[in-house]
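Each chain gets a letter, A, B and so on, in the order the sequences are listed, and its residues count up from 1.
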Amino acid sequence: MKPLELTKEIVRLALELGATDAECTLAEGEEFSVSVRLGDIEKLQEAASRSAGLRVLVGQRSGSAYTSDLSDEGIQRMVRAAVDNAEVTGEDPFAGLPDAADLGQHSADLSLFDEGIASLTTPEKIEQAKRAEAAFLAYDPRIDKSEGASYDSGVSSRYFANSRGFAGGYRSSQCSLSAVPVASQGGAMERDYWYSSARSPRQLDTPENIGIIAAQRTLRRLGARKVATQKAAIVFEPRMARMLLSHIGEAVDGDAVYRDSSFLAGKIGQRIASENVTIIDDGTMPGLWGTSPFDAEGVRTRRTVIVEKGILRSYLLNTYTARKLGLRSTGNAGRGLSGAAYVQNGNFYLEAGSLTPAEVIRQAGTGLYVTEVLGNGVNVVNGDYSCGAQGLWIENGELAYPVSEVTIASTLMEMLNSITAIGNDLEFQSTMAAPTLLIREMTISGT
Amino acid sequence: MALADSYFARKFGVTEHDLETYLGEALSQGGDYADLFFEYVATSAVTLDEGIVKSASQGVTLGIGVRVISGERTGYAYSDDLAPERIKHAARTAACIASGPSQVLKHGLMEGEKRNLYPVLTPPTELGLRTKVELVKRADAAARAYDARIFQCTATYADQVKQILVATSDGVVNHDTQPMARLNVSLLARQGNDLPQSGYSGGGGRVSFEFFLNEKTPEHFAREAGRQAIAMLDSVEAPAGEMTVVLGPGWPGVLLHEAVGHGLEADFNRKGVSAFSGRVGQKVASELCTVIDDGTIESRRGSLNLDDEGAPTQRNVLIENGILRGYLQDKLTTRLTGAGSTGSGRREGYQSIPMPRMTNTFMLAGESEPEEVIRSVPKGIYCVNFGGGQVDITNGNFVFSASESYLIEDGKIGRPVRGATLIGNGPEALKYISMVGNDLKLDEGVGICGKEGQSVPVGVGIPTVKIDRMTVGGTA
């Protein structure tokens, strides 16, 4: 049976066994991965997989099950388990499928799949990785070890059907090329990485560029020192600004909001960030990593303004969290295979400013340019922020020397309200994106 | 126990002949070594949230991974279908890594030794979900009764039984049944209009369901989570800078996992990219420190009868009186470096290539009384609970995030402080350990370790220790 037909059949079976509503997700994927190290293949992996998950409602009770055994017997067992499981749960007045008006999908091509994904042969993929590694090994004699380079690619499909008549599926492709050099100086080693990802190999950056950027990032970490404990300006490079943004994403997650476990709960309409900060979630931008024609509940994806010039405008909501808050879904349901939907961002980004990254660093004057954050010492319940950091010291508005083994601390609320400069270097390399950001002051803990 | 007793023989009729056929396909292009990893996992979980049992779920995953090693190369493929044709296809795909004359299995398959570190009275998966629902209801009731300031509580019970069968071209066939169960309580407390504070507690292991009725009850976890959240209501800003840090016993052992454990995994050391590379025999910690990784402790979360490459787990001394003794090995690293097996080859599942991993990592007890350790500190911080941690194994910098800690002033425990990250350097940090308590405790059984995208359950443990110098990332 074709996958979409199978999801509909599973929904039908669930209703037959006593479910009053049902939703079924089926995921298929093919993956290929090769890593090379010191010019030879280190690991090569290739496989395909397929599994399904089901959530049913029996009145206001819900139950779930999943299986990778898609034989008739495996499916029967899954459906029975989901219906049986609903018996032990409690009545939840807010449980239920989306409202009919919200169900739907974009018919326009969102460019998630590119036929070009299949254009490289295995030897060519291996060659790409070898070239990336060769580029960083040749770049500087201090790069004397390698953690290798990898080419990964995959095609995945997701199908979804529910008992309210929604059925849809889409296919997406992705590939990436990454490089991990190790450099030594005076008995100390440093490692960093760089990568490029795209829907098809022709959109990837060249192996040489990836290798060289990885080399430069690694080399500039050599000779790092600790700095004294102090309060100073912090500049987050885009990759790290993206991590900061991900904590804002957690804080506007409807699930945290309705439980009152977010420092942004109840703050709609209030100023929560500097006036230059605008944050958007958009699940409809063609080709990007957070794009899909419908969310994990069959709700049409959309563009939502989360923060507008510093004012909190919306949360990220799926059907359940929207009902809990008396709002409407923003098309942000995500889901593994089974269980209730959680909240998942689309393309969640902080709008670019007009300054070049160098100008942002110049504005900082003195402080730390952060290129790596270690650990997850961030608490979105109360907004406390304390993380390990590595980067470069900024002196007289220029990058001066590498710094490591320090922490940076503040609260997310203070950080958002002291973003004093925003770079023009916004790039969408994952589902979250942010440009270079300057935070006026944080506590750096060192010696 | 013979192959015939394994889940895969009983349920899917897998025979020794089948295993030899698949291994033969895997070595059809040459290669030095091949193995098969069959896996079947049945899971169940119930969650109670806002006083309602909101979800009950069950699941099954099933599959086989085939690996071929040729020199330093690894080829890997898997199938989620156990039909012989699909397995042979996976074996031929993995075989592509090698290029040479086909290898013939030199000897038949031998059954490995058997032991049972997790004798389970009632396999959790055989109980109905209703019994499990009772546990989360009890946890919720106990949490709400603990203090009126607690306003949100989520309790989750989850268990699984994993069946594995490993067959290797060097002649080993071994299988295991691995149960796991865990109960978690997370809650929020608030005072007036202040921002809420959270509390978290959980535990379990490779245990019977009875464990939660007789040993660590839902009330135990609920009260512990409640205690943390209530304590944090009075917290002040954490200090910033270098200071004396005292770690409480148990879960703070995550220090060892991050500071030294990962850096001692042999895959990094084989490539010379760990801060601990080439340091065996050198002093990397104070002589008060002896650090063990032991996969053989009965019923622990990180324990295994055999690792995911079919080798028996063992007790490995990593650091002895401050001296680095050895690394954690998997099959590939032992083949390439000539080191002996440590039974540390683990993988998340059939879709993943094994790597050297930790099991239960802990420091042996010392001689100091815990009170004496605290009394010796004029000014510092006492950390009793942590969130997670992370390490850069190449430069050795590690962090771990304290979720519950207290100021120490004049040898006395003072006010609680807000969450703060501690940072140090692996080969240096443990040299500053100046006192080790006599109160070694293992954690309650909640650890999950992530490496290269693969998660595996682990345990940690530590006695009360005093670290003379470490950077604390507060704001005050």
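- When heavy atoms are compared at a cutoff of 4.5 Å, Ser401(B) approaches chain A solely by way of its side chain, counted from C-beta outward.
- When the options Thr394(B), Asn395(B), Asn397(B) are evaluated for a side-chain contact (heavy atoms from CB on, under 4.5 Å) with Glu190(A), the one that passes is Asn395(B).
- The distance from the CD atom of Glu42(A) to the OG atom of Ser146(A) is 8.5 Å, given to the nearest 0.5 Å.
- Contacts between Ser49(A) and chain B at a heavy-atom distance below 4.5 Å involve backbone atoms as well as side-chain atoms.
- For the atom pair CG (Leu222(A)) and CD (Gln185(A)), the distance works out to 4.5 Å, reported to the nearest 0.5 Å.
- Using a 4.5 Å cut-off between heavy atoms, Val34(A) does not touch chain B at all.
- Applying a 4.5 Å heavy-atom cutoff, the residues of residues 71-84 of chain A that approach chain B are Arg77(A), Ala81(A).
- At a threshold of 4.0 Å, the pair Asp49(B)-Arg259(A) counts as salt-bridged, since one of the basic side-chain nitrogens sits closer than that to a carboxylate oxygen.
- Contacts between Glu46(A) and chain B at a heavy-atom distance below 4.5 Å involve backbone atoms as well as side-chain atoms.
- Interface remark: Ser55(B) contributes backbone atoms only to the contact with chain A (heavy atom separation under 4.5 Å).
- Both the backbone and the side chain of Val381(A) come within contact range of chain B, judged by heavy atoms closer than 4.5 Å.
- Distance check, rounded to the nearest 0.5 Å: CD1 of Ile234(A) to CE of Met415(A) gives 8.0 Å.
- Under the 6.0 Å cut-off for aromatic ring centres, Tyr350(B) and Tyr78(B) qualify, their centroids lying closer than that.
- When heavy atoms are compared at a cutoff of 4.5 Å, Asp92(A) approaches chain B by way of both its backbone and its side chain.
- Heavy atoms closer than 4.5 Å to chain B are found in the side chain of Arg37(A), but not in its backbone.
- With a 4.5 angstrom heavy-atom cutoff, Lys43(A) touches chain B via backbone and side-chain atoms both.
- The side-chain tip of Arg347(B) points at the ring of Phe37(B) from less than 6.0 angstrom away and within 45° of straight on.
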